[in-house]
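The structure appears right after this line, and notes come after that.
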Amino acid sequence: MKRLELILSRLLWLVPTLIGLGVITFAISHVIPTDPVAILAGENATAEQIAALRTQLGFDRPLPVQLLAYFQDLLRGDMGVSLFSQQPIAEELATRLPATLELTFAAVLLASVLGIPLGVVSALRRNSAIDHALRIVTVSGLAIPSFWLAIQLQYLFAMQIGVAPLNGRIDGFGPEPVTGLMLLDSLLQWDWESFWGALRHIALPAITLALPAAATIARFTRAGVLEVVTSNYVLYERAMGLPGALVTWKYVLRNALISTVTQIGLIFGVLLSGAVVVEAVFDWPGLGAFAVISIIQSDHRAVMGFTLWAGAIFVIVNLIVDVLHTLIDPRSTR
Amino acid sequence: MSAPNHGFLAGAADIARRLLRDRAAMVGFTLILLLVLAAIFAPWLATHPNDVYEIHTARRLTPPGAEHWMGTDRMGADIYSRLLFGARITILIAVIAVGTAVLVGVPIGLVAGYYRNWFSDLLMRLSDIFLAVPQIVLAIAIAQTLGPSIENVILALSATYWPFWARLVYAETRSIKNETFVEAAIALGASAPRVMILHILPNIASAIIVRTSIGMGATILTAAALGFLGLGAPPPTPEWGRTIAESREYLPEAWWYALAPGIAIFLVVMGFNLLGDGLRDILDPRIRRGGRGP
Amino acid sequence: MSGLLLEVDRLTLGFRTERGLARILDGASLRIAPGEVMGLVGESGCGKTTLARAILGVLPAGGAQVDGGRISFRGRDLLREDPATLARDLRGRAITFIPQDPFSSFNPVFTIGEQLMDLMKWKSPRRQGEGRWPTLLQPYPRARRKADREAVLEMLAAVQLPNPAAILQKYPHEVSGGQRQRLMIAMALLPEPDLVIADEPTTALDVTIQAQILGVIRRLATERRVAVLLTTHDLGSAWEICDAVTVMYAGQDVESAPIDRFFAAPAHPYTTRLLESLPREGADVAGIPGEVPSPLAQPPGCRFYPRCDRATEACRATRPEETLLAEGHRLRCYHPRLPA
């Protein structure tokens, strides 16, 4: 089974990638010519205090030994304790993961619903006024700084019109956590009040994240459709008088989406980058907001923990994309 | 002029002429030109050139009007004047960061793609690991370690951006090395540096130019995000991203505070993207945007 | 028109290009009687594929420009009637298509069965008015689906495909080129059409399979009394399966005749040259000197005169009118080679 082989080889690739990321984060925190101990100790620490802290943290040992110790800690899932919450960093990240996943899924969904039809229409009406208008919209979507858009949406919809809450994920406690995704959990428990609350909270951050992603999806879909509509099989389907809607939305779209799906990894990168700042603006209790809090508090180990997690998530998403690709394109399992 | 074997200058003239006909690319070019002009002539264009450093508590958070076209900030400084000086920082960061990344990444990709031995494999695996994470994540890690300053933002951005160029040039070099004209040059005894610089580099230059334009836009966005997160230049530097971050505390009253810097970032990034799209259509027909001619 | 199934009458069309209008067809005419297998013969670039596409209604949108002429199919005007109506009533039903390249003409991401059943859902001869649904919600009545599936399996056996039920499960890339072209033939015949347009159906295939495929087309066309328009640049193929042949040169028809007469008594200088260029035992292959004129700058008059050894001033000035040499033998030439 080729698909299984593919998944296994990708999972194997995850290992060196994570080790590499570990080395890079280690290098960032140990090799870069600033003294992390001095930063940790604070501006008013005396030389003796710094030296004591250095020994205590093990920064006086040779670098390879430190690297080994770093990996030993990582393997035990120990990333240190967050200065912000006094919780173990790994635990903190794990509890925050569902919030980020929920936000990103919502954004991908929204971006696909917006981007795919826009791309198709744009390609079919190529060089029309609609196509030119959509081109401007997609180019703009990629150029808007997401943190700024987030603030503008907050100002407009939360502060002025008041249809959406300013920030947070839910009022009160929300539904009993099952999957950790509040929209899903509240649906599973028929808790409409929580569902509506969660939906209102997720709307603005999801829109902020979805806009640049929708622009990317629309671009790839348009390019894919343009390539497919000139193909021989579309000529054949049209010559045989199959209904236009069937040809476009079934036969053309499935082929065009192959190239879009392979780019979802890239789109997810756009989303994850956006999530860091967007979560901070909306106080969304996810990984990104944690990263920002840790930056502000100069919590170095927490920032490194976040970097490792983000890398792992990203590699796993790309693995899922590859599997999706084999599902959507039968030729790829050859 | 349409002869296929034109020299570099004739080629550049041809490209310029085709760019001039691309309306979207010209809009992009104009936006970039405006940014450069704003940066160069900031002291003369600014209505309150000293507001970058001075504090005027009496007129803090004034809405836009005849005296302050874009209002004032929490220090009472003129946002329009600070915006102009911010353009300098934006250009400085983008040009140096992208330039360093290109200067580091292109030679690495070229050499790795040309020789293809264990060392090039190692280099490519290393860049793959960098590329396995969104750029901003590693940039945050580096900038946070180094502490907030413009130099550190530049360092963080170029340290996380070179692998992209190494990968790109590596792939292009590998495909071009198999072309007949390169094989012929090698067979005729041309030295490796000569083949790389005279035969391979000119043929991947267009791919590099196209991505430089788009990369400038992306880098400006990332730099602004770092500034927004407090990892950029410390105050009172008039950095656009930081200004937007400051404005949050004064909403909804000071609605104008974040407006101008946000729109400025948007327009500049858009400018580089439009120019990049236009250049791509002309220089890199393999990945055409599609949409002109039959 | 008396008894004709398809009549293309002086069709003139071109494509707008950067360097001006390229006249691909200039007064091309073609007649096909019911059940007749007509070969449309000419060199590549003579406009035969464009003519086939014009009949099928799939000229490139935006680029093609029809300047004159008529295509009528059983009295219906294929150029001027509403394209959507034609697509619903005629295309895939009365007129079907066997494409040139069976490799790229199947949609790569759906199983063969799904593509065949989609075709049957919309184009089955058993389909009668099933109400107005939005296209994507159109139901496929169970009884008809069953009958259609049986017809599909029967037809796959008729085109000599082994194990039809298994083939339906496969993706196009999993079957060979010859099998794909057999599938294309099956798909063209399943709607029980009156006319099949086969556009160079064997050029993309191995030489060894070409004869088999032509044989299948000929046999099924005769059995089911389907007319076929076979475009080909290969006179050999035409000889094997056609009832009649129309020769095109540079966007115009020059001669058409029943198959026996065509090979026994060709009259147009181009046709005779074409026949002479066939490889023959004991003779060198004779090419035709000169080049096909560019569609951007067509000569007036007879298109062939720059390469014709019989050309006179008259050929240069005006295109010859159609003359009837014998029953079904039409010719456009001032100086035909007539049997002595």
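Chain identifiers are assigned alphabetically (A, B, ...) following the order of the sequence lines, protein sequences preceding nucleic acid strands; residue numbering begins at 1 within each chain. Here the structure is a predicted model, which is why all the values come from computation and not from measurement.
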Closest heavy-atom contact between [X] and [Y]?
X	Y	result
A/A143	B/L221	O-CD2, 3.8 Å
A/P16	B/I129	O-CD1, 4.0 Å
A/I24	B/L138	CG2-CD2, 4.1 Å
A/T307	B/A141	OG1-CB, 3.7 Å
A/P145	B/I265	CG-CG2, 3.6 Å

Original post:
With respect to chain B, which residue among A/V281, A/V276, A/L149, A/T230 yields the maximal number of heavy-atom pairs within a distance under 4.5 Å?
Top reply: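 Of A/V281, A/V276, A/L149, A/T230, A/V281 has the most heavy-atom pairs under 4.5 Å with chain B.
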Original post:
Which residue out of A/V23, A/I144, A/I136, A/T17 racks up the most heavy-atom pairs below 4.5 Å with chain B?
Top reply: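 Top count of heavy-atom pairs under 4.5 Å with chain B: A/I144.
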With a cut-off of 6.0 Å (strictly less than), are more than 12 heavy atoms of other residues, nucleotides or ligands near [atom1] of [X]?
X	atom1	result
B/F119	CZ	no
A/F157	CZ	no
B/E246	CD	yes
B/F130	CZ	yes

Counting only heavy atoms closer than 4.5 Å, note whether [X] contacts chain B via side chain, backbone, both or neither.
X	value
A/Q152	side chain
A/L142	both
A/V303	side chain

Original post:
Side chain, backbone, both or neither: which part of B/I263 has a heavy atom under 4.5 Å from chain A?
Top reply: both
**OP:** Give, as side chain, backbone, both or neither, the part of B/I214 having an atom under 4.5 angstrom from any heavy atom of chain A.
**Re:** neither
Original post:
Distance from B/E253 atom CD to A/M159 atom CE, nearest 0.5 Å?
Top reply: 8.0 Å
**OP:** Only pairs at least two apart or in different chains count here, so list each ring-ring contact (aromatic ring centres under 6.0 Å, His included) that has a residue in residues 122-156 of chain A.
**Re:**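 Qualifying pairs, neighbours excluded: A/F147-B/F228.
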Original post:
Which members of residues 86-98 of chain B, sorted by number, sit under 4.5 angstrom from chain A on a heavy-atom basis?
Top reply: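 So no residue qualifies.
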Original post:
With a 4.5 Å heavy-atom cut-off, do B/D277 and A/R219 have their side chains touching?
Top reply: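 B/D277 vs A/R219: side chains touch.
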**OP:** With a 4.5 Å cut-off on heavy-atom pairs, point out which of B/V27, B/L267, B/I220, B/V137 contacts chain A the most.
**Re:** B/V137
Original post:
Looking at B/Q135, B/R125, B/M270, which makes the most heavy-atom pairs under 4.5 Å with chain A?
Top reply: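 Of the candidates given, the most pairs with chain A belong to B/M270.
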